[in-house]
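Every value quoted in this text rests on a predicted model; they were computed, and no experiment measured them. Residue numbers count from 1 along this sequence. Side chains are part of it too, since the values below use all heavy atoms of this structure and drop only hydrogens, waters and symmetry mates.
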Amino acid sequence: MKLRMLWTAGVLGIALATTSLTPANAQTLTIMKGTANEPLNVPMNRAVVLESDTPFAELSVANPGIADISTLSDKTIYVLGKTPGRTTMTLLTQDGKLISNVEVHVTPDIEEFKERLQQILPGEPIEVRTANDGIVLSGTVSSTAKLDRALDLASRYSPDKVSNLMMVAGTQQVMLKVRFAEMQRSVSKSLSSSLGVRGGTNMGILGATGTALNQTLPLANNTVALRPGTQGALGLGFTAGSLEFGVLLEALESKGVVRTLAEPNLTALSGQEAKFLAGGEYPIPVASGNGSISIEYKPFGVELNFTPTVVDGNTINLQINAAVSSIDTTTTLQTGGFSVNAFKRRETSTTVEMKDGESFAIAGLLQDDFHDLNGQVPWLGDIPILGALFRSADYQRNQSELVIIVTPHLVTPTRGEALALPTDRIRIPTEKELFMFGKTAGPQRGGAGEVSRQDFSGSYGYTME
């Protein structure tokens with residue numbers, strides 16, 4: 001048993017002694033005298049062993065920064081790739097004669113890159129090649145995110161020298177549906193009164209409360225004169241001997257509801273920015289340095305800017321900037337002889353990620369303003385019952401609710417024959433229909449008319465995935 005173990009150890013020792021000491025990844029290229037040699041491809045940070053049939057006495061390389069050489073014997077050369085590039089190695093005999101010129105091409109180590117690529121992105125059919133001193137990637141990947149990962153990994157092996165010839169499979173066009181919905185409610189109530197007394201000597205007392213009657217109370221011919229345009233007012237005037245009395249009561253209640261809805265739709269290619277504006281431009285005077293006035297235009301209306309990116313499959317990343325603006329005629333600025341109005345603007349800018357057909361409320365606002373005011377004439381307003389004639393109350397409440405909802409869809413183009421425009425719903429009437437029957441429009445005839453009668457609440461020009 002011991003003899004067999006000793007014999008096995010001896011055989012292993014002989015095998016190790018006869019094993020070449022060159023690197024495992026090294027390659028051997030035989031150089032024949034007098035023949036043209038093909039370029040020698042050396043991976044970066046890898047070694048290649050060359051053998052010559054003729055002993056050489058002198059060895060040189062044109063650019064030592066690209067490849068490093070050393071001699072193992074008078075017929076064997078060790079070449080180590082250092083930096084991607086091309087250089088020339090020259091072999092000379094002892095008497096100075098040329099044996100051969102070998103073109104050395106050092107390329108990035110794509111074998112290791114291929115292994116890492118398969119580990120990180122298994123199942124992706126990505127082809128890797130070298131071109132000059134860079135890496136070329138080609139093939140079709142399943143998503144943009146995986147394409148970015150492949151490019152990021154390639155840049156670590158060949159910085160700033162990666163050529164991307166890859167394509168992304170699947171639908172890469174995104175239609176964004178944005179809904180702006182705003183409700184404004186306002187309630188205003190006011191109650192005020194005024195009392196006036198005047199004697200025969202034209203001397204009297206006048207009392208008025210509240211902002212609704214911010215004026216004098218004239219008494220003439222036993223009547224009370226009301227202000228023009230006054231609403232919800234009741235005036236009484238009477239005499240008692242030489243005294244004249246005037247009483248004015250004003251009560252006003254107003255309610256209002258405003259509904260604002262905008263629904264812009266916009267389509268863009270994955271990774272590309274799209275812009276949309278439905279509205280106009282408002283001129284604004286701007287003073288220049290020489291004292292002159294120039295005009296600048298500020299856009300208003302429904303604005304939508306977004307950049308979609310199809311991340312993986314049907315997952316969509318959205319960078320959105322949406323706004324709805326309008327001219328506010330209640331606020332005016334007078335400057336330089338110009339009258340400029342203010343703007344009401346509701347704007348949001350955010351980045352969200354969702355799947356095809358899913359919705360997200362990216363912005364919301366609930367605002368409730370309350371105003372309550374009670375005013376009275378000192379001391380007189382505290383008198384029981386009659387004190388109500390010297391008091392006023394004002395109540396105001398404004399509520400506003402805003403929500404912005406976005407819904408992305410992956411879309412593909414459809415045939416033009418299947419599309420119908422909003423103008424296809426009607427046709428121009430004939431003179432007979434206009435003058436005899438008073439028709440200003442008629443239903444469209446034919447196939448376009450049948451299509452135009454359908455509901456057009458969905459998207460136009462695209463097929464939903």
Side-chain angles (χ1 to χ4, degrees), residues 175-188 190 211-212 214-215 227-231 252 254-269 272-308 318-352 361-371 373 394 396-406 422-423 460:
M175 184 190 74
L176 183 64
K177 179 180 180 182
V178 182
R179 287 174 289 173
F180 296 86
E182 183 177 12
M183 288 293 297
Q184 296 180 359
R185 296 176 292 270
S186 61
V187 177
S188 177
S190 62
T211 58
N214 189 13
Q215 66 173 14
R227 189 172 43 176
T230 302
Q231 299 179 357
L252 181 63
S254 62
K255 298 179 181 179
V257 176
V258 178
R259 175 180 179 266
T260 302
L261 179 64
E263 190 172 335
N265 295 343
L266 190 59
T267 303
L269 189 66
Q272 302 296 321
E273 183 183 12
K275 298 182 179 181
F276 175 87
L277 172 62
E281 292 186 340
Y282 184 78
I284 298 178
V286 178
S288 59
N290 55 5
S292 61
I293 300 296
S294 60
I295 300 297
E296 292 185 359
Y297 290 89
K298 179 179 179 61
F300 68 93
V302 180
E303 302 176 64
L304 175 61
N305 300 342
F306 86 106
T307 303
L318 296 174
Q319 296 181 6
I320 309 170
N321 187 358
V324 174
S325 57
S326 59
I327 300 176
D328 186 6
T329 57
T330 61
T331 304
T332 305
L333 174 63
Q334 300 288 340
T335 175
F338 294 93
S339 178
V340 182
N341 293 323
F343 280 81
K344 292 181 180 179
R345 186 174 180 88
R346 282 80 72 196
E347 181 179 4
T348 179
S349 179
T350 185
T351 301
V352 294
I362 61 172
L365 172 64
L366 180 61
Q367 186 174 358
D368 192 348
D369 296 331
F370 177 77
H371 175 73
L373 177 63
D394 187 24
Q396 293 182 359
R397 186 173 185 180
N398 298 319
Q399 292 178 317
S400 177
E401 184 176 359
L402 170 68
V403 64
I404 302 176
I405 300 175
V406 297
T423 54
Y460 288 82

Test side-chain contact (heavy atoms from CB on, under 4.5 Å) applied to [X] - qualifying residues, sequence neighbours left out:
| X | value |
| --- | --- |
| Gln367 | Leu365, Asp369, Ser400 |
| Pro283 | Ile295, Tyr297 |
| Ser254 | Ser188 |

Checklist entry - Considering residues at least two apart in sequence or located in another chain, which fulfil the salt bridge (charged side-chain N to carboxylate O under 4.0 Å, His left out) criterion with Asp368? => result Arg397

Tell me, do [X] and [Y] make a side-chain contact under 4.5 Å, heavy atoms counted?
| X | Y | value |
| --- | --- | --- |
| Ile404 | Val178 | yes |
| Tyr282 | Val340 | yes |
| Lys177 | Ile405 | no |

Determine the minimum heavy-atom distance between [X] and [Y], stating which atoms define it.
| X | Y | answer |
| --- | --- | --- |
| Ala323 | Phe180 | N-CZ, 3.9 Å |
| Asn341 | Asp328 | CB-O, 3.6 Å |
| Thr329 | Thr332 | O-OG1, 3.7 Å |

How long is the span from the [atom1] atom in [X] to the [atom2] atom in [Y], to the nearest 0.5 Å?
| X | Y | atom1 | atom2 | answer |
| --- | --- | --- | --- | --- |
| Leu261 | Glu182 | CG | CD | 11.0 Å |
| Leu318 | Ile362 | CG | CD1 | 9.0 Å |
| Leu333 | Ser339 | CG | OG | 8.0 Å |
| Phe343 | Ile284 | CZ | CD1 | 5.0 Å |

Item to check | Short side-chain to backbone donor-acceptor contact, Thr351 and Gln319, under 3.5 Å | outcome: no

Item to check | side chain to side chain contact (heavy atoms under 4.5 Å, CB included) assessment of Lys344 paired with Val324 | outcome: CA-CA 8 Å; Lys344 292 181 180 179; Val324 174; over 6 Å; no

Next on the checklist: Holding to ring-ring contact (aromatic ring centres under 6.0 Å, His included), I want the full list of residues that pass it with Phe370, two or more places apart in sequence or in another chain.
Outcome noted: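 Partners of Phe370 by the ring-ring contact (aromatic ring centres under 6.0 Å, His included) criterion, ordered by chain and then number, come out as Tyr395.
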
Cut-off 3.5 Å, no hydrogens considered: what does the side-chain donor-acceptor table look like for residues 298-307, sequence neighbours left out?
unit_1	atom_1	unit_2	atom_2	d
Glu303	OE2	Arg345	NH1	3.0

Checklist entry - Between His371 and Asn398, is a side chain to side chain contact (heavy atoms under 4.5 Å, CB included) present by the stated rule, with each step listed? => result CA-CA 9 Å; His371 175 73; Asn398 298 319; over 6 Å; no

Checklist entry - Going by atom types alone, do Gln399 and Glu401 pair a side-chain donor with an acceptor below 3.5 Å? => result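 No, Glu401 and Gln399 have no side-chain donor paired with an acceptor closer than 3.5 Å.
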
